[in-house]
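One structure below.
All heavy atoms count here, side chains included; hydrogens, waters and symmetry mates do not. Residue indices begin at 1 and follow the sequence shown. None of these values were measured; they are calculated from a predicted model.
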Amino acid sequence: MRHKLLGAAGAALLAGALLAGTPAGVARAADASPAAPAAAAASARAVAPAAAGELPPDGDTVASPPGANDWTCRPTAAHPNPVVLVHGTFANRYENWLVLSPLLKSLGYCVFALDYGTVPGITSSGSGLLLPIGGLGQVTDSAAQLGRFVDLVRGATGAAEVDLVGHSQGGMLPNYYLKFLGGAAKVGKLVALAPSNHGTTLDGITNLAPYFPRVAELIYTACAACRDQAVGSDFNRRMASRPDTVPGVRYTVISTVYDEVVTPYRSQFLDGAGGAGAAAVDNEVLQAHCPLSLAEHVAVAFAPTALHLVTNALDPARATPVLCG
């Protein structure tokens with residue numbers, strides 16, 4: 001019985017760690033070697049002040065991914081909306097967007113990325129550097145933080161709207177911003193990679209939480225967003241109190257059949273029904289374009305076919321045939 005309890009507790013802890021794609025080597029800062037924080041500090045690049053002389057509301061805690069957070073960037077006629085990248089749970093802007101950020105920059109976009117929902121002392125060494133991780137706070141608070149960041153980007157660039165691209169929680173929490181915080185007037189498109197739009201069962205693992213309340217309390221104390229993303233949570237009931245989408249925003253969901261974190265994967269899809277003025281929704285499955293792709297929840301943010309779907313969604317007028325890769 002003791003071994004069964006330990007195994008179940010480990011599974012519950014795994015549920016919290018897996019939500020939205022944990023980078024390898026998540027650890028407490030106190031457990032890290034003294035050299036690691038120095039390496040992280042050396043790697044951090046200061047973000048240039050925005051027009052109002054402010055820093056992004058995330059406090060510049062993590063180095064920006066290549067191509068992101070050039071506060072002197074001005075949108076072009078070809079790409080008038082800056083793109084804001086929103087990372088997932090137990091992630092940060094640097095690790096989550098190492099591939100997509102420079103890709104979008106090379107295509108002529110102004111690219112910005114924030115960190116949100118950080119908890120002091122919790123770090124990750126997934127990229128080989130000891131970096132803070134985020135996406136842990138309550139989704140409602142993180143959505144408000146995203147709203148402040150969007151306003152900062154709009155003020156710095158002069159753009160009326162931004163487009164949002166998010167992964168996992170980062171694909172879902174912008175929808176709270178659109179539904180409840182007035183974000184729809186400031187956003188043109190939302191592109192979501194493996195989003196936790198209707199919560200997740202983690203293949204049933206989250207259903208263990210009621211049987212092990214102390215373990216669940218440990219997870220949810222460090223990661224309020226994990227509680228919010230569980231199927232049946234108060235947060236998900238509030239999200240369900242309004243239609244999936246908001247008129248005026250174009251939504252794209254990109255899912256993989258091999259998602260082991262946001263399950264079942266079809267729960268990620270959005271319903272665009274809603275009568276006149278209903279939002280446009282494209283629910284894409286990666287394997288419909290690339291049957292050989294084995295990309296799962298984390299890898300979908302780096303898979304070439306998925307990123308091609310992202311660029312097509314951001315610029316549908318110049319969309320090109322999606323290649324398998």
Side-chain angles (χ1 to χ4, degrees), residues 47-58 64-87 93 96-97 99-114 116 143 145-167 170-171 173-179 181-193 195 245-254 270 272 277-282 284 301 306-322:
V47 176
E54 299 174 278
L55 287 175
D58 55 308
S64 298
N69 295 336
D70 174 4
W71 295 94
T72 66
C73 187
R74 296 296 177 266
T76 64
H79 301 302
N81 287 4
V83 178
V84 174
L85 304 177
V86 190
H87 64 71
R93 63 185 177 189
N96 216 146
W97 305 118
V99 176
L100 183 59
S101 178
L103 171 62
L104 294 178
K105 184 68 171 180
S106 73
L107 294 175
Y109 290 91
C110 290
V111 183
F112 297 88
L114 79 159
Y116 68 89
Q145 191 172 1
L146 171 63
R148 294 192 295 273
F149 191 83
V150 166
D151 287 343
L152 195 61
V153 170
R154 292 172 62 242
T157 61
E161 293 183 338
V162 304
D163 292 334
L164 303 175
V165 179
H167 178 218
L173 80 83
N175 212 10
Y176 184 90
Y177 168 59
L178 300 178
K179 285 184 177 186
L181 302 181
K186 305 172 185 179
V187 174
K189 303 180 187 72
L190 170 57
V191 184
L193 292 153
T245 58
V246 178
V249 178
R250 185 180 185 95
Y251 296 78
T252 302
V253 174
I254 302 168
L270 293 173
V281 177
D282 294 314
E284 301 278 7
L307 299 188
H308 197 160
L309 289 169
V310 171
T311 57
N312 278 355
L314 289 173
D315 194 358
R318 298 180 180 84
T320 57
V322 178

Report summary line: Between Ala143 and Leu173 the two heavy atoms that sit nearest each other are CA-CD1, 3.7 Å
Query raised in the report: Could you give the distance from CG (Asn81) to CG (Asp163), rounded to the nearest 0.5 Å?
Result: 4.0 Å
Query raised in the report: Among Val191, Thr252, Val83, whose side chain to side chain contact (heavy atoms under 4.5 Å, CB included) with Val310 holds?
Result: Val191
Query raised in the report: Do the side chains of Leu85 and Ser101 get nearer than 4.5 Å, heavy atoms only?
Result: yes
Report task. Without swapping roles, check the side chain of Arg74 against the backbone of Ala156 for a donor-acceptor pair under 3.5 Å. Result -> yes
Query raised in the report: Leu100 versus His167: any side-chain heavy-atom pair under 4.5 Å?
Result: no
Report task. Rounded to the nearest 0.5 Å, what's the gap from CD1 on Ile254 to CG on Asp282? Could you check? Result -> 9.5 Å
Report task. Hey, could you give me the CG/CG distance between Leu181 and Leu146, rounded to the nearest 0.5 Å? Result -> 9.0 Å
Query raised in the report: Are Phe112 and Leu152 close enough, and set up right, to give a side-chain contact (heavy atoms from CB on, under 4.5 Å), and what steps lead you there?
Result: CA-CA 10 Å; Phe112 297 88; Leu152 195 61; over 6 Å; no
Query raised in the report: Would you call Tyr251 and Val246 a side-chain contact if the rule is heavy atoms closer than 4.5 Å?
Result: yes
**Report entry** Rounded distance (nearest 0.5 Å) linking atom CG of Asp70 with atom OG1 of Thr157
**Finding:** 11.0 Å
Query raised in the report: Of the non-hydrogen atoms in Pro195 and Gly171, which two are nearest, and what is the gap between them?
Result: CB-C, 3.8 Å
Requested in this report: Working to the nearest 0.5 Å, report the span between CG of Asp151 and NZ of Lys186.
Outcome: 3.5 Å
**Report entry** Check: Asn69 side chain, Ala113 main-chain N or O, donor-acceptor pair, under 3.5 Å
**Finding:** yes
Report summary line: Note: Pro82 and Val153 closest approach over all heavy atoms is CB-CG1, 3.8 Å
Query raised in the report: Are any non-hydrogen side-chain atoms of Asn175 and Leu178 less than 4.5 angstrom apart?
Result: yes
Report task. State, yes or no, whether a side-chain contact exists between Leu314 and Leu104 at a heavy-atom distance under 4.5 Å. Result -> yes
Query raised in the report: Hey, are the side chains of Cys73 and Lys105 touching, using non-hydrogen atoms and a 4.5 Å cut-off?
Result: yes
Report task. With the side chain counted from C-beta on, respond yes when Val162 and Arg154 share a heavy-atom pair under 4.5 Å apart, and no when they do not. Result -> yes
Query - Whether Asn312 side chain and Thr320 backbone form a donor-acceptor pair below 3.5 Å - result: yes
Requested in this report: Flag the pair His79 / Thr76 as yes when at least one side-chain heavy-atom distance between them is below 4.5 Å, and no otherwise.
Outcome: yes
**Report entry** Residue list, side-chain contact (heavy atoms from CB on, under 4.5 Å) with Leu107, at least two apart or on another chain
**Finding:** Leu103, Tyr109, Thr311
Query raised in the report: According to the interplanar angle, ranging from 0 to 90°, do the rings of His87 and Tyr116 count as parallel (below 30°), tilted (30 to 60°) or perpendicular (above 60°)?
Result: parallel
**Report entry** Spatial distance of atom OG (Ser64) from atom CH2 (Trp97) [nearest 0.5 Å]
**Finding:** 14.0 Å
